[in-house]
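Structure, as structure tokens:
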Number of protein chains: 2
Amino acid sequence: MEDTIFTQRLIQPDTVSLVKQRLPGNEDLFQELAFFFKAFGDATRLKILFALCASPLCVGDLAAVLAMNQSAVSHQLKALSRARLVSARKNGKVVYYRLRHEQVKNLLAQGFEQIRS
Amino acid sequence: MEDTIFTQRLIQPDTVSLVKQRLPGNEDLFQELAFFFKAFGDATRLKILFALCASPLCVGDLAAVLAMNQSAVSHQLKALSRARLVSARKNGKVVYYRLRHEQVKNLLAQGFEQIRS
DNA sequence: TTGACATATGAATATATGTTCATTTGATGG
DNA sequence: CCATCAAATGAACATATATTCATATGTCAA
């Protein structure tokens, strides 16, 4: 393992080694984490999540709430689903979506708190 | 203000009205929140944040830690800066970056916690 | 079984984003 | 001043993403 490629002089060599050691070598971990946060990184999805904070809703009703077309909402719900932020439950023709866990609400709240300051 | 555009029949009309009322009308709010979370939505930026959890670092050292080129790191640091996740302090030629507030570390930890389960 | 309805899906398109390369800016020491 | 080094910047490119449109799937009721 070549750990020392001298592309340029380091300012704090010891700190660099230390931090490098602490950094998880598993690339997928960061990819998954990015995928998770990315789900929060779009205004439409945030509106959907915010709406679902108030009540579970079916796709059509969500579209009405957000004044968006059904397809767009469905696509975004799928994205939120893949990120495990929402879960779906079918009832006849209608599919109800809800927040998958309370943490989603927490994270939203913390985000709002941050941008307020 | 036309509040009732009957594009399709609602399943839960009362819930829709209620949720619609609760939804902040300010579009910018969601845009800003999205911008905030988006900063966490990339593996490179997450690695940078994770590294900075351990210690403030200058651009070159960060590039060494992540085995990435200086320019890419600088661009991403700028993104993190705009999202107010990191702050910079110049010392001679060198610019040190650090997490702007403890909340960043918290959010990272909560993210990791989520993807673990 | 047919028609109507709710949702999902796929293709197409426009826009956003991340990385690289080349160059510039800014600061230091000789 | 000048050479050198760290960082920032902008253009170019490739890739990812969000939305729309058209259509498919699945469910119910008549």
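Chain identifiers are assigned alphabetically (A, B, ...) following the order of the sequence lines, protein sequences preceding nucleic acid strands; residue numbering begins at 1 within each chain.
Taking a 6.0 Å sphere around CD of A/Q21, one finds it holds 12 or fewer heavy atoms contributed by other residues, nucleotides or ligands. Counting non-hydrogen atoms of other residues, nucleotides and ligands closer than 6.0 Å to CZ of B/R100 gives a total above 12.
The separation between A/K47 atom NZ and D/dT19 atom C1' is 13 Å, rounded to whole Å. Rounding to whole angstrom units, CZ of residue A/R82 and P of C/dA8 are separated by 12 Å. The separation between A/R9 atom CZ and D/dA7 atom P is 14 Å, rounded to whole Å. Counting to the nearest Å, the C1' atom of D/dA8 and the CG atom of B/L80 are 15 Å from each other. Rounded to whole angstrom, the span from the CD atom of B/Q76 across to the C1' atom of D/dA7 amounts to 15 Å. Protein atom CG of A/L10 is 14 Å distant from nucleotide atom C1' of D/dC5, rounded to whole Å. The CG atom of A/L77 sits 16 Å away from the P atom of C/dA6 (whole-angstrom rounding). Rounded to whole Å, atom C1' of C/dG18 lies 14 Å from atom CG of B/L66.
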Give me, pair by pair, the N or O atoms of the protein and of nucleotides 24-30 of chain C that are less than 3.5 Å apart, along with how far apart they are.
none

Short N/O separations, protein against nucleotides 11-17 of chain C, under 3.5 angstrom:
residue, atom, partner, partner atom, Å
C/dT17, OP1, B/K38, NZ, 3.1

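Expressed to the nearest 0.5 Å, how far CD1 of A/I48 lies from CZ of B/F30 amounts to 11.0 Å. Interatomic distance, CG of B/L62 versus CD of B/Q70, reported as 11.0 Å (0.5 Å rounding).
Residues satisfying the side-chain hydrogen bond (donor to acceptor under 3.5 Å, both in side chains) criterion with B/N106, sequence neighbours excluded, are B/Q103.
Residues B/S74 and A/G41 each lie close to DNA chain D; by heavy-atom proximity, the contact nearer the 5' end of the strand is made by B/S74. Along DNA chain D, the nucleotide nearest A/I11 and the nucleotide nearest A/S71 are compared for position; the residue whose nucleotide lies closer to the 5' end is A/I11.
Within the nucleic acid shown, A/Y97 comes within 4.0 Å of sugar-phosphate atoms alone, with no base atom in reach, counting heavy atoms only.
Side chain A/Q70 to base C/dA6: no donor-acceptor pair is found below 3.5 Å. Below the 3.5 angstrom threshold, one finds no donor paired with an acceptor across the side chain of B/T44 and the base of C/dT19.
The two residues B/A64 and A/L10 make their nearest non-hydrogen contact at CB-CD2, 3.4 Å.
Salt-bridge check for A/E27 with B/K47: passed, with a basic side-chain N closer than 4.0 Å to an acidic carboxylate O.
Applying the ring-ring contact (aromatic ring centres under 6.0 Å, His included) test between A/F40 and each of B/F35, B/F36, B/F37 identifies B/F37 as the sole match.
Residues B/Y97 and B/V73 have side chains not in contact (no heavy-atom distance under 4.5 Å, counting atoms from C-beta outward).
Distances from the side chain of B/M68 to the nucleotides C/dT19, D/dT19, D/dA8 place C/dT19 closest.
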